[in-house]
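Here the structure is laid out as structure tokens; the discussion comes afterwards.
All figures in this text were calculated on a predicted structure; none of them were measured in a lab.
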Amino acid sequence: ITRTKADALGSVATAERFCGKCGYPWPSWWKTCKVCDAIADDHAGLCKEIARKRKTAKRKRDKSKVFDMEEALTPMLRDMWTLSPVKPGKTVERIMSKLGGAPYLEEGERWPVCKTCSKPLGFVGQVNLAGLPLEEELGFTLFTFYYCWDCNPYGYLTKQDEWAVRTYETVELSSMSHADPPEWPYKQLGEPLECALRFKQTPALPDWEDLCLLAPKVGNMIETMTKDGDCPWESYYRQMRKVGAKKWPPSHVGGYPWWIQGSEGSPKKLHCVAGFQSEDKAGIAWGDGGRANLFLDKKSARFRLSVQCY
């Protein structure tokens, strides 16, 4: 029987199913296919098989979307070492990574002073990078970080007027100064408690704003895949967890900066050296639960600081 004749046998245009053998529309009142003579039982079985194949194909397409997203994010992964403060109460060696206490200084080196109020800067902490890939990448073994809590500089800072970072290519006990730090100059703020820092390596990805700056195509893809009613950045943060990265990481060295009031600077030109969040154990606060991000400008070899809070 021809398809023209079959059309005359019923309104196939309104058929909701199709013959699993020849693919022709199958009206509900047909017992056999008028084109290929397939019987209803065969048709039902074939329809189930086709439905199963279509479902499997859809599942593979959905998986391929997730896989593509993971594949796009994987090249952006960076090594990051989180810095967890240990319970205070013990004196920490001056060459070790820590918050508060007495910093590493070389013999004859002067304590940094705020260029605005002329008070000694407050020692925030130091990180010893010995043995980490960052040591070779950044070109120094240890860095110390100082800040003036009287002048309280915030935002994106390019000049070390009210804060300071000092770096040391080598750390030697023989050349270390044993002089006591000056008296804590900030009466309204308690001196940070000395806490050793414990390292833990973990993969890192940028926050949503920096992702869109570093990889706009990936950001656009995430927006396209985001379901109605959902936010693209929340969809991105779910994908982050699948590759082992953390949203809102704690204090760290390496990795990417995380922002509270929006991205500052150029993430392509600046290398994120460290991020220091407010630490209750050490008694360090950046405004109202804020965060300080420390960068190194690759071209000028100068440090940049960004302090943001809620």
* To do: Grab the two heavy atoms, one from Glu135 and one from Ala130, that are nearest each other, plus how far apart they are.
  => OE1-CA, 3.5 Å
* To do: Evaluate the criterion side chain to side chain contact (heavy atoms under 4.5 Å, CB included) for residue pair Trp163 and Val307; output intermediate values, then yes/no.
  => CA-CA 11 Å; Trp163 59 280; Val307 179; over 6 Å; no
* Drop me the distance from Glu279's CD to Ser251's OG, to the nearest 0.5 angstrom. => 4.0 Å
* Structure fact -> Rounded to the nearest 0.5 angstrom, the CH2-CD distance for Trp259 and Glu209 is 9.0 Å
* Check whether any side-chain heavy atom of Asp207 lies under 4.5 Å from a side-chain heavy atom of Trp248, and answer yes or no. => no
* For Leu305, does its backbone N or O pair with a side-chain atom of Glu264 as donor and acceptor, under 3.5 Å? -> no
* Rounded to the nearest 0.5 Å, how far does CG of Leu296 lie from CG of Leu270? -> 8.5 Å
* Atom OH of Tyr237 with >12 non-hydrogen neighbours under 6.0 angstrom -> yes
* To do: Determine whether more than 12 heavy atoms belonging to other residues, nucleotides or ligands lie under 6.0 Å from atom CH2 of Trp111.
  => yes
* Structure fact -> Here the gap from Cys151 atom SG to Leu121 atom CG, rounded to the nearest 0.5 Å, amounts to 8.5 Å
* Asked: Would you say the side chain of Met176 lies within less than 4.5 Å of the side chain of Leu105, judging by non-hydrogen atoms?
  -> no
* To do: Decide whether Asn293 and Gln308 meet the rule of one side-chain donor and one side-chain acceptor closer than 3.5 Å.
  => no
* To the nearest 0.5 Å, how far apart are CG in Leu197 and OG1 in Thr82? -> 10.0 Å
* Asked: Below 4.0 angstrom, N of the basic side chain to O of the carboxylate: do Glu93 and Lys98 qualify?
  -> no
* To do: Would you indicate whether Met76, at its atom CE, is surrounded by more than 12 heavy atoms from other residues, nucleotides or ligands within a distance under 6.0 Å?
  => yes
* Atom CZ in Arg302, atom CG in Asp297: separation rounded to 0.5 Å? -> 8.5 Å
* Ion pair Arg110/Glu106, N-O distance below 4.0 Å -> no
* State, with a plain yes or no, whether a side-chain heavy atom of Leu73 is found less than 4.5 Å away from one of Tyr236. => yes
* Asked: Does the pair Ser177 and Glu107 meet the rule for a side chain to side chain contact (heavy atoms under 4.5 Å, CB included), with working shown?
  -> CA-CA 4 Å; Ser177 170; Glu107 196 66 44; 4.2 Å; yes
* Measure the acute angle between the ring planes of Tyr146 and Phe123, then classify it against the limits of 30° and 60° as parallel, tilted or perpendicular. => tilted
* Are Leu173 and Ile95 close enough that some pair of their side-chain heavy atoms sits under 4.5 Å apart? -> yes
* State, with a plain yes or no, whether a side-chain heavy atom of Trp81 is found less than 4.5 Å away from one of Pro133. => yes
* Using a 4.5 Å cut-off on heavy atoms from C-beta on, say whether the side chain of Leu77 contacts that of Val243. => yes
* Using the side-chain hydrogen bond (donor to acceptor under 3.5 Å, both in side chains) rule, take Asp150 and Gln188 through it: C-alpha gap first, then chi angles, then the decisive distance, then the call. => CA-CA 9 Å; Asp150 261 0; Gln188 82 285 3; 3.1 Å; yes
* **Cationic tip of Arg304 above Tyr156 ring, under 6.0 Å, 45° of axis** => no
* Asked: With under 30° as parallel and over 60° as perpendicular, where do the rings of Trp286 and Tyr147 fit, or are they tilted in between?
  -> perpendicular
* Structure fact -> Smallest heavy-atom separation, Pro192 atom then Gly100 atom, equals CB-CA, 4.1 Å
* Check whether any side-chain heavy atom of Pro206 sits under 4.5 Å from a side-chain heavy atom of Leu214, and report yes or no. => yes
* Nearest heavy-atom neighbours spanning Gly244 and Thr202 -> O-OG1, 3.9 Å
* Structure fact -> In terms of heavy-atom contacts, Tyr256 and Ala204 come closest through CE1-O, 3.6 Å
* **Trace of the side chain to side chain contact (heavy atoms under 4.5 Å, CB included) decision for Val124 with Thr144** => CA-CA 8 Å; Val124 179; Thr144 55; over 6 Å; no
* Asked: By ring-ring contact (aromatic ring centres under 6.0 Å, His included), which residues pair with Tyr168, not counting sequence neighbours?
  -> Tyr104
* Do Phe199 and Ser97 have side chains that get closer than 4.5 Å, going by heavy atoms? -> yes
* Tell me whether the centres of the aromatic rings in Trp184 and Tyr186 are closer together than 6.0 Å. => yes
* Pro120 and Pro185: which non-hydrogen atoms are nearest, and at how many Å? -> O-CG, 3.3 Å
